[in-house]
Engineer: 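Structure below; questions to follow.
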Amino acid sequence: MERGNGVAVGVEAISKEFPGHVALKGVDLEIEARSFTTLLGPSGCGKTTLLRILAGFETATSGRVTFDGRDIARMPSWKRNIGFVFQNYALWPHMSIRDNIAYGLKLRKLGKEQIAERVAESLRMVGLDGRAEAFPGQLSGGQQQRVAIARALALRPNVLLLDEPLSNLDAKMRIGMRQELLRLQREVGITAVYVTHDQEEALEMSDQVAVMHDGRIDQVGSPQAIYETPETAFVASFIGHVTLLGGVSDGAGGFRPDLPIAGTLPAFSGALPNGRAQLVLRPEDLDLVDDVEQAHLRGTLVRSSYHGRGYRSALRLADGTMCEVDHRRPVAAGTGEEAGIRVGAAALVPESDDYYREAAPEAEAAEELVAAPAA
Amino acid sequence: MPSNDLRERVEPLEETLAPPAPVPVKRRASRRPGVWLLVALGLLLLLASTIVLPQLRLVGEAFTDDGGFSFANFIEFFTTPRFQEAILNSLVVAVVAGVLACAVAVPAAYVLAQFDLPGRNGFLTLATMATVSPPFLGAYAWVLLLGRGGILTTQLRAWGIELPFDTIIGPGGIVWVTVWATQALVFLLAYDAFRAIDPSLDEASSSVGAGPWRTRLRIVLPMAVPALVTGFYMSSMKIFTDFGTPLIIGGGTPMLPTAVYYEFLSEVSTNPAIASAGSLVMLGVACIALALQQWALRRRTYASVSSRRRPLQPVRGVKKGLMIAYLGVVFGLSFVPHLVVVGTSLLTWKAGILKWIPTFDNYVRLFDENLEVILMSLLLAGIACVLCVIVAVLVAYLTVRRRYTVISPALNVITMVPYIIPGTVLAIGLILAFGSGPLILTGTATILVLAYFIRRIPYVTKSIEAALTQVHPALEEAAMSVGAKPMRAFRQITVPLVRPAIVSGGTVGFLQMVTELSATVMLYSVPFITMTVVIFTNAMQPASPFGVASAMTVVLMLAVYIPLYFVRRKFASVTSV
Ligand SMILES: Nc1ncnc2c1ncn2[C@@H]1O[C@H](COP(=O)(O)OP(=O)(O)OP(=O)(O)O)[C@@H](O)[C@H]1O
Ligand SMILES: [Mg+2]
């Protein structure tokens, strides 16, 4: 059904300075009408700030925001026809669920019957019909979350802005809500901008992912593009577990790694940098081989564990880098012994120290999990 | 997020939201958030002209002699024996009575906070009631009781018992009365502090072998020091600036507020310049006291992280009896005035002499002769209270939410200024500013309303500010995201959410306004007479109709305690501190 009224959103060179802190450093982003765009990035990178600028809660220090090409700098939030789902729900505790949803509709001077209809419809959409008379405090966290979404959707906004709307839910609820949210967004035909720091969520839901990093957008693209052809070390490392190996790229497909690699690597996907570069290796693109002669790389097996559909092993390469490999067959080598790695696919990114390091405690805990199955 | 139980208290805003169509179709070009800026500027103007301007006039007056800048007034003030004595008396009485109030209240607060005693809520209610008693009630009642011809004095003499003193009137009387009048303030602060101490702290202390007294002195008491400092500061400043008590029971003992009052208003020789200098001296002492309090509190606020409630220790036998007896004596003496007033309002008075004949005549006469006075008091306080609440809500909102770089801090500071201005000083400033010049307010009801408004604005603003910081700003943003303009979001989302604070803050403000004396007595003029003025004038004259004055005091107490009762029933803890 084509009842969508989503607008195209343009973000042009937006910067935002808070006293003593620059939250956004020149952000550009094109968002198609009725599409689902995710802002993905680590904590503090400026996702919420960008979303709040789109909503009109903050004014950008410089730059332009457009809705369908029109500059909306002078348009206050109450005229933007947006829906905003706050991370902490922000339901009005002194109003019933019905009143929470109806509030904006009343402001739009809809008729009584129309309001009742819309409220009922929105509640049905989020599976909460029958709870209209409850107050926010009487609902569970997940239910409040859905009310917040219903409140935003009931208005048929031009743009739906969601700030980590699922972050407080348990894993199962979160997966259910993702599907629900996507269905609603498609059904109503709204432009959605969705903030998250969960890469899986971003890849699964989006038409377009913008990976943010320290006040900038590092890369914008489809989920596949972001995953398969990362343009920066940060993007590569933020999404999935990767191994980065330094070297020199000639810009024409040739790459000379610092660490000797035997044989020829497969052709690299994506843009080819010129000069210092890093080879991006994802565990699922690698394989462990018993015959060390066939291997591109060699390493010492540190641990190996079974995951149901295969094994994931960690190897320490000659320069000390840890490399994770997914493989179907068990390894012949025991812990501490040498094994070979074959590269099935790889990408190149310009070298940078600026990649995403995962939290240290997790890595340490993993070190202890030594479980090498005997051949 | 604000607590969910707001829900039970705040009914849905159906009535304000219901009519969909007849919302005025005024499409003003309010593109920018200019509404709030205008409100902020308006408030700044209002507060600057009513709070800052009078104080500046006061400063100007104090430093002017023969039309030029001069310290002459201060030199005269400090070299006149009458004033020297007044300063000394005021300081000594404030410190002595403050110390005694702490000495009386802290042990009482400790036993109630530590031990499982019957009547806990009763004592807490009494303490709260005591903090909002009319300020001069104690003096009035104790003089009736123990003055030269007092009820108890004569009665005891008739029974052949001689009191060690002839009359309670004098500096000792001031101390006696103010100790019992202010101990409840210290009591409540100390009680809260003792209750908040993490129980594992004293458990830890006894686990390393400290006996209970050692623990009390080394662990519990130091933890309560901030509350004690604040309690001492508040009670001694209350005593220092009290006007009614020294005049009624001081027997001519010169004290600063009374000396300044006479210097400004007495019929014999008035000297506004000297009175202004004296006012500034009072203000200076108040500032120094506040600075000392702040200094003493520095680095002394221990955040209590315990979520465990402090258990009440069981106690039995003689110990329990002694504790209850002690609490009974403390609160008994604090409420002697209330009982005396109720009692004497129901007895017959002949030419200032009490006859033990029960009667309702006093009330009949009161409502015959003084009904307007009662209504006038309630009306003036009511208007001032509404004004105070409106301004307080706006100022609190502007300082918590709309951080205009200059205006918001300025508003915040100006609203806090009256916190240290004694009533007498405030009144003199208002008379100087509005007794002549372009806007003359003296002799009107407006000046009383203004005085009440100014005196309470810091307290009401603070309580609403505290509530506002608990309301997440996203709630208002959510309203704007669905299309509400800023003012509407403020009215329909934020204001209902801080309504408990508005109601309780406003009520406490009202109680204090209705019992205000020190500014009222300088600013009132016929026909705008309040109950406090009538009671005070009666107390000052021998052989006046004490029965009627007592009846009026009872009415005043009802005007205070009935609202307090309702607010307390609705919102758990309401105190004036
Ligand atoms: N009002 C403010 N004043 C000062 N600094 C701010 C303000 N709001 C945000 N910042 C800063 O701007 C940066 C970006 O904040 P933002 O809230 O946009 O991060 P985020 O990407 O949403 O992070 P998270 O995933 O943790 O929510 C942070 O470093 C933050 O400290
Ligand atoms: Mg955020």
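Predicted model only: the values in this text are computed from it and were never measured. Residue numbers begin at 1 in each chain, while the letters A, B, ... track the order of the sequences. The analysis underlying the following values was restricted to heavy atoms, covering all of them including side chains, and did not include hydrogens, waters or symmetry mates.
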Engineer: With rounding to the nearest 0.5 angstrom, report the CZ to CD distance, F57(A) to E476(B).
Structural biologist: 10.5 Å

Engineer: Nearest heavy-atom pair of N88(A) and A474(B): which atoms, and what distance?
Structural biologist: OD1-CB, 4.2 Å

Engineer: Identify which part of L155(A) has an atom lying under 4.5 Å from any heavy atom of chain B, answering side chain, backbone, both or neither.
Structural biologist: side chain

Engineer: Could you look at F84(A) and say if it's the side chain, the backbone, both or neither that has a heavy atom under 4.5 Å from chain B?
Structural biologist: both

Engineer: In the structure I gave you, are the side-chain heavy atoms of Q492(B) and W92(A) within less than 4.5 Å of one another anywhere?
Structural biologist: no

Engineer: So with a 6.0 Å cut-off around CD of Q294(B), is the heavy-atom count from everything else above 12?
Structural biologist: yes

Engineer: Within the supplied structure, the quantity of interest is the number of heavy atoms (other residues, nucleotides, ligands) at a distance under 6.0 Å from R70(A) CZ; does it exceed 12?
Structural biologist: no

Engineer: How about F18(A): does its CZ atom have over 12 heavy atoms from other parts shown lying under 6.0 Å from it?
Structural biologist: yes

Engineer: Might you point out which heavy atoms bring H94(A) and I493(B) nearest each other, and give the distance in Å?
Structural biologist: CE1-O, 3.8 Å

Engineer: Rounded to the nearest 0.5 Å, what separates atom CG in L107(A) from atom NZ in K485(B)?
Structural biologist: 10.5 Å

Engineer: Go through it in stages, so that I can follow the logic: the residues are S481(B) and W78(A), the test is side-chain contact (heavy atoms from CB on, under 4.5 Å), and I'd like the CA-CA distance, side-chain angles, deciding distance and then a yes or no.
Structural biologist: CA-CA 5 Å; S481(B) 79; W78(A) 59 93; over 6 Å; no

Engineer: Of the non-hydrogen atoms in L497(B) and P93(A), which two are nearest, and what is the gap between them?
Structural biologist: CD2-CG, 3.5 Å

Engineer: Residues in ring-ring contact (aromatic ring centres under 6.0 Å, His included) with Y191(B), at least two apart?
Structural biologist: none

Engineer: Kindly compute the distance separating CE (M480(B)) from CD1 (I82(A)), expressed to the nearest 0.5 Å.
Structural biologist: 10.5 Å

Engineer: Search all heavy atoms of V482(B) against all heavy atoms of R108(A) and return the closest pair with its distance.
Structural biologist: O-NH1, 2.6 Å

Engineer: Can you list every pair that meets salt bridge (charged side-chain N to carboxylate O under 4.0 Å, His left out) and has a residue in residues 38-56 of chain A, with sequence neighbours left out?
Structural biologist: R52(A)-E58(A), R52(A)-E477(B)

